[in-house]
Amino acid sequence: KATWRRLPVPGAGVLEEQPQAIELGRLAEDLYTQVSGHLNAARVSIYLGELGVAREHAASSLTLAEKLSDRVFLELTLGGYETVCRFEGVFQIARELSDRGLAEPRAVA
């Protein structure tokens, strides 16, 4: 019989590690690491109810992802930012981010 385990919710410890990851990415000039750090920080900030912090990280991740010109990372950051906007109740911006993500060309498998 299968039993369900409750998955742990990332806590403040995870959030505290993200600035280090972001800074290391900046020092190494690795935009992927910076985008990932900001996305993780935004996600954890949502869990912790810190929407202002989540918005800052989501905006930073989007700015960096646009520099990457990586379709997958751009879509991830648009989705992350859209989620933050929905939690904040800023539905018009959430819709614009969602529409932009849907408009991005997809890779054909």
Side-chain angles (χ1 to χ4, degrees):
K1 180 178 177 180
T3 59
W4 291 93
R5 278 187 1 180
R6 185 170 189 208
L7 296 175
V9 175
V14 174
L15 186 59
E16 291 167 358
E17 295 171 0
Q18 297 315 305
Q20 295 171 349
I22 295 164
E23 179 62 14
L24 287 173
R26 189 188 66 74
L27 291 172
E29 298 180 3
D30 181 353
L31 291 176
Y32 287 100
T33 299
Q34 293 177 67
V35 171
S36 296
H38 282 294
L39 280 174
N40 287 332
R43 180 178 53 89
V44 172
S45 296
I46 290 170
Y47 290 142
L48 297 174
E50 298 178 11
L51 296 179
V53 174
R55 183 183 345 99
E56 291 173 14
H57 283 292
S60 294
S61 68
L62 180 56
T63 299
L64 292 166
E66 289 171 335
K67 292 179 184 178
L68 275 175
S69 298
D70 184 307
R71 184 174 48 246
V72 172
F73 270 74
L74 183 58
E75 290 177 10
L76 286 171
T77 58
L78 287 167
Y81 202 171
E82 183 264 345
T83 299
V84 172
C85 289
R86 277 189 293 116
F87 274 104
E88 289 185 314
V90 186
F91 299 113
Q92 182 59 41
I93 294 174
R95 176 64 186 262
E96 291 168 8
L97 291 164
S98 178
D99 288 346
R100 182 174 167 198
L102 291 170
E104 287 295 318
R106 303 289 192 269
V108 178

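- Here Q92 pairs with E96 under the side-chain hydrogen bond (donor to acceptor under 3.5 Å, both in side chains) rule; sequence neighbours left out.
- Here the CD1-CZ distance, from I93 to R86, works out to 14.0 Å after rounding to the nearest 0.5 Å.
- Residues L62 and L74 form a side-chain contact, since some pair of their non-hydrogen atoms from C-beta on lies under 4.5 Å apart.
- To the nearest 0.5 Å, atom CD1 of residue I46 and atom NE2 of residue H57 are 11.5 Å apart.
- E66 pairs by the side-chain hydrogen bond (donor to acceptor under 3.5 Å, both in side chains) definition with R100, not counting sequence neighbours.
- The CG atom of L102 sits 9.5 Å away from atom CG of L78, with the distance rounded to the nearest 0.5 Å.
- Side chain of S36 to main chain of Y32: a donor-acceptor pair is present (N/O by atom type, distance under 3.5 Å, no hydrogens or angles).
- In this structure D30 satisfies the salt bridge (Lys or Arg N to Asp or Glu O under 4.0 Å) test with no other residue, sequence neighbours excluded.
- The shortest distance between side-chain heavy atoms of F73 and S61 does not fall below 4.5 Å.
- In this structure, H38 and V35 have side chains that are not in contact, with every pair of non-hydrogen atoms separated by 4.5 Å or more.
- Note on L39 and V72: same hydrophobic cluster, where clusters join Ile, Leu, Val, Met, Phe, Trp and Tyr whose side-chain heavy atoms are under 4.5 Å apart, directly or indirectly.
- Of all non-hydrogen atoms in A42 and A58, the two that sit nearest each other are CB-N, 4.0 Å.
- Distance OG1/T63 to CG/L31: 11.0 Å, rounded to 0.5 Å.
- No chain of hydrophobic side-chain contacts below 4.5 Å, direct or via other Ile, Leu, Val, Met, Phe, Trp or Tyr residues, connects V90 to L51.
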